[in-house]
Trainee: 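Okay, here's the structure, questions in a sec.
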Amino acid sequence: MQYWLMKSEPSAFSIDDLANAPHQTTPWDGVRNYQARNFMKQMQLGDLAFFYHSNCQVPGIVGIIEICKLAYPDFTALDKQDLHYDPKSTLEKPIWEMVEVRFKEQLPRLISLKELQTYHQHLDMPLLRKGNRLSIMPVTKEQWLFIQQL
DNA sequence: GCCAACGTTGGC
DNA sequence: GCCAACGTTGGC
């Protein structure tokens, strides 16, 4: 059982969008960063992840989601119309992958980046490091439990 | 909207 | 393989 943190811009896809989606699941498509992709490949069914709202008024953790489908090729990379189209990726040799996630719960309150920063010393997560741009990152069990009890 | 930080690209 | 130029991310 592993833990993760996954970022999404709520203007593109929010925790509410996921809660209202069919079966409350969605493919996590559009990841175009190798490090983030490699983390998705490591994900196992039943792994849990914090759903993080980025690039918005109050960035922070808003909910918990569960990995419900293992990594498979991200078909949006092949779609010329798609925002995340990548001409280097082909059907035979796909570059990008995605998992599917299911809504677990909305947190009783938003745990803002600002609040998390106050525990920077203790948490030491990639999320809290300056200039961090990684959209998917592992979370240790200790970090997970600490954040959950907030 | 600004801009710092970072990843990627491509010329050499 | 280096590195400048460029595009993107994401907090503010």
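Here is the naming used below: chain letters follow the sequence lines, and residue numbers restart at 1 for every chain.
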Trainee: Given 3.5 Å as the limit, does a donor-acceptor pair link the side chain of Ser14(A) with the main chain of Asp16(A), or not?
Mentor: yes
Trainee: Is the Lys NZ or Arg CZ of Lys41(A) less than 6.0 Å from the centre of Phe39(A)'s six-membered ring, within 45° of the axis?
Mentor: no
Trainee: Could you state the NE2-P distance from His53(A) to dG11(C), rounded to the nearest angstrom?
Mentor: 12 Å
Trainee: How would nucleotides 3-9 of chain C be written as a contact map, 5' to 3', with B for base contact, S for sugar-phosphate-only contact and - for no contact, using protein heavy atoms under 4.0 Å?
Mentor: ----BBB
Trainee: Scan side-chain atoms only and decide if Gln143(A) and Thr140(A) contain a donor-acceptor pair under the 3.5 Å cut-off.
Mentor: yes
Trainee: Cluster question for you: counting only ILVMFWY and a side-chain heavy-atom cut-off of under 4.5 Å, with indirect links fine, are Met125(A) and Phe50(A) together?
Mentor: yes
Trainee: Contact class for Lys114(A) vs. all strands (heavy atom < 4.0 Å): base, sugar-phosphate, or nothing?
Mentor: nothing
Trainee: Answer yes if the side chains of Thr76(A) and Arg32(A) hold a donor-acceptor pair under 3.5 Å, and no otherwise.
Mentor: yes
Trainee: Rounded to the nearest angstrom, tell me the gap between atom NZ in Lys130(A) and atom C1' in dC12(C).
Mentor: 13 Å
Trainee: When the distance from CG of Leu116(A) to C1' of dG11(C) is rounded to whole Å, what number comes out?
Mentor: 14 Å
Trainee: Group every Ile, Leu, Val, Met, Phe, Trp and Tyr by side-chain heavy-atom contacts under 4.5 Å, then state whether Phe75(A) and Tyr85(A) land in the same group.
Mentor: no
Trainee: Taking CD1 from Ile61(A) and C1' from dG10(C), how many angstroms apart are they, rounded to a whole number?
Mentor: 16 Å
